[in-house]
**Q** 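Submitted below is the structure of interest, expressed as structure tokens.
Only a predicted model underlies this, so the values are computations on that prediction, with no experimental measurement involved. We name chains A, B, ... by the order of the sequence lines, and we start the count at 1 in each one. No hydrogens, no waters, no symmetry mates; every other heavy atom, side chains included, goes into these values.
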There are 2 protein chains.
Amino acid sequence: MSRRPGPEWVKRERFVMARKSTAVDPLRLDNQICFAVYSATHAFNRVYKPLLDRLGLTYPQYLVMLVLWERDDVPVKEIGEKLFLDSGTLTPLLKRLEAAHLVRRTRSREDERQVLIALTPQGHALKEKARSVPQSILAASDCSVSELLAMKDEIVALRDRLNAVIGE
Amino acid sequence: MSRRPGPEWVKRERFVMARKSTAVDPLRLDNQICFAVYSATHAFNRVYKPLLDRLGLTYPQYLVMLVLWERDDVPVKEIGEKLFLDSGTLTPLLKRLEAAHLVRRTRSREDERQVLIALTPQGHALKEKARSVPQSILAASDCSVSELLAMKDEIVALRDRLNAVIGE
DNA sequence: GGACATTCAATTGCGAACAATTAAATGTGA
DNA sequence: TCACATTTAATTGTTCGCAATTGAATGTCC
């Protein structure tokens, strides 16, 4: 136990120092959860791409359609709040969805500042074609539903804590 | 216990149906882990923004600098492999870093196809100013290091499974 | 009612992100 | 050596994402 303390101690010290300079270095790429999240977003995007191509949607457009499939005739503002996006992103995106005949954009009669987004019949119909998407993603995740839901809850909690800091 | 089974049964059935049509609906926005990851990425970006503004970097530029601070004189290809980005993204980004005098771009002498990215003295020096960034992010996360590392490992594992599917 | 602030969407400009293509350098096989 | 494929960056075009600004509609206070 206490034999040869010198060399072993030196070895362990080197190991600790090596870890400090690489494995636990807070500036090291592999240690950053934000990069994990960032790169996972892109990985999801690449898996979604071929599935959404068949629907004629990009991923952010798909998110907007998810919102509208839950509730129709929604002001731009509300879509932005649900997706954490602003009008600078949504206005051109919604115009593209309108050009694709999936939504209509109309000024609210009660409040002329608001633009209400409503699904067209084609927009409604697209929901049926979209039903197979989530299970394809689930298969690609190669993970149980319960594991994914648990991860989702953790990530949402982290996101909400981050968003809380933004408002100061 | 067994009294009034009719009304209670009906009520529970309604509850189950309600859950099926909303809480467990796979097309529902709140159930999608991909949206959790997507929105967490944006939340991280918004927290990073003011910190990186002081360094004169965007978040993707910061990622490239993290790579270069670990190892200098790296071909574009290798940066792309580490960050999961292609030349279409990296070429203009690296030109902006070059315009900011943080990196130099030189053709490899052994293989003229490769462009090697090396830090300038200013690029090296910026690492010191960047040291405070991770702990600011940690504080904003309002979470223990061990929890974050555990989440990171889960997300990386998910990302790698997704990326494995891309290659088919 | 009138001056003022607020809200909401649109716009502009910049920086990613990626598909698809191009062009040059390198590798391979006959 | 020559034809051909492969590798590597760069380029082009489209779509996000956001900061900052604009302009119109609404709300508020006196």
Side-chain angles (χ1 to χ4, degrees), chain A residues 35 38-50 52-53 55-65 74-81 83-100 103 105-117 163 166, chain B residues 34-35 38-50 52-53 55-65 74-81 83-100 102-103 105-117 163 166:
Chain A
F35 175 64
Y38 169 90
S39 53
T41 293
H42 296 328
F44 266 120
N45 243 307
R46 286 188 281 267
V47 173
Y48 267 105
K49 183 80 169 48
L52 295 182
D53 276 350
L55 306 184
L57 295 174
T58 65
Y59 182 68
Q61 290 169 4
Y62 172 70
L63 291 180
V64 169
M65 295 302 286
V74 179
V76 174
K77 182 82 190 306
E78 193 176 319
I79 297 176
E81 282 166 356
L83 301 182
F84 305 96
L85 297 173
D86 69 1
S87 68
T89 301
L90 287 175
T91 296
L93 187 155
L94 291 167
K95 285 182 176 176
R96 282 186 283 272
L97 288 181
E98 190 181 37
V103 306
R105 295 157 8 94
T106 55
R107 289 268 163 197
S108 165
R109 222 171 283 88
E110 301 95 63
D111 186 342
E112 292 274 346
R113 293 170 301 183
Q114 292 187 350
V115 168
L116 299 177
I117 308 298
N163 277 332
I166 314 253
Chain B
C34 55
F35 175 64
Y38 169 91
S39 53
T41 293
H42 296 329
F44 266 120
N45 243 307
R46 287 188 283 266
V47 173
Y48 268 105
K49 184 81 169 47
L52 295 182
D53 277 349
L55 306 183
L57 294 174
T58 64
Y59 181 69
Q61 289 169 7
Y62 172 69
L63 291 180
V64 169
M65 295 303 285
V74 179
V76 173
K77 181 83 192 303
E78 193 175 321
I79 299 176
E81 281 165 357
L83 301 182
F84 304 97
L85 297 173
D86 68 3
S87 68
T89 301
L90 287 175
T91 296
L93 187 156
L94 291 168
K95 285 183 176 176
R96 283 186 284 270
L97 287 182
E98 189 180 40
L102 294 173
V103 306
R105 296 157 7 97
T106 55
R107 288 270 164 195
S108 165
R109 222 171 285 86
E110 301 95 61
D111 186 342
E112 293 273 347
R113 293 169 301 183
Q114 292 187 351
V115 170
L116 298 178
I117 308 298
N163 277 333
I166 314 248

**Q** Just the endpoints, please: which first and last nucleotides of DNA chain C, 5' to 3', lie under 4.0 Å from a heavy atom of chain B?
**A** dG15(C) to dT26(C)
**Q** Working to the nearest 0.5 angstrom, can you tell me the gap between L97(A) CG and L57(A) CG?
**A** 7.0 Å
**Q** Name the residue from F44(A), Y62(A), Y59(A) that meets the ring-ring contact (aromatic ring centres under 6.0 Å, His included) definition with Y38(B).
**A** Y59(A)
**Q** Taking all atoms of both residues into account, what is the closest heavy-atom pair of L94(B) and V103(B), and its distance?
**A** O-CG2, 3.9 Å
**Q** Indicate the atoms forming the closest heavy-atom contact of S87(B) with P92(B), along with that distance.
**A** O-CD, 3.9 Å
**Q** Counting primed atoms plus P, OP1 and OP2 as sugar-phosphate and everything else as base, spell out the protein contacts along nucleotides 9-21 of chain D at 4.0 Å heavy-atom distance: B, S or - for each nucleotide, 5' to 3'.
**A** BBB---SSBBB--
**Q** What's the separation between atom NE2 in H42(A) and atom CG in N163(B), rounded to the nearest 0.5 Å?
**A** 11.0 Å
**Q** Are side-chain heavy atoms of L90(B) and V64(B) found at a separation under 4.5 Å?
**A** yes
**Q** I'd like to know if the side chain of R105(A) and the backbone of K95(A) have a donor-acceptor N/O pair within less than 3.5 Å.
**A** no
**Q** Does S39(A) use its side chain to pair, donor to acceptor, with the backbone of F35(A) at less than 3.5 Å?
**A** yes
**Q** Mind calculating the distance between CG (D111(A)) and C1' (dA25(D)) to the nearest angstrom?
**A** 7 Å
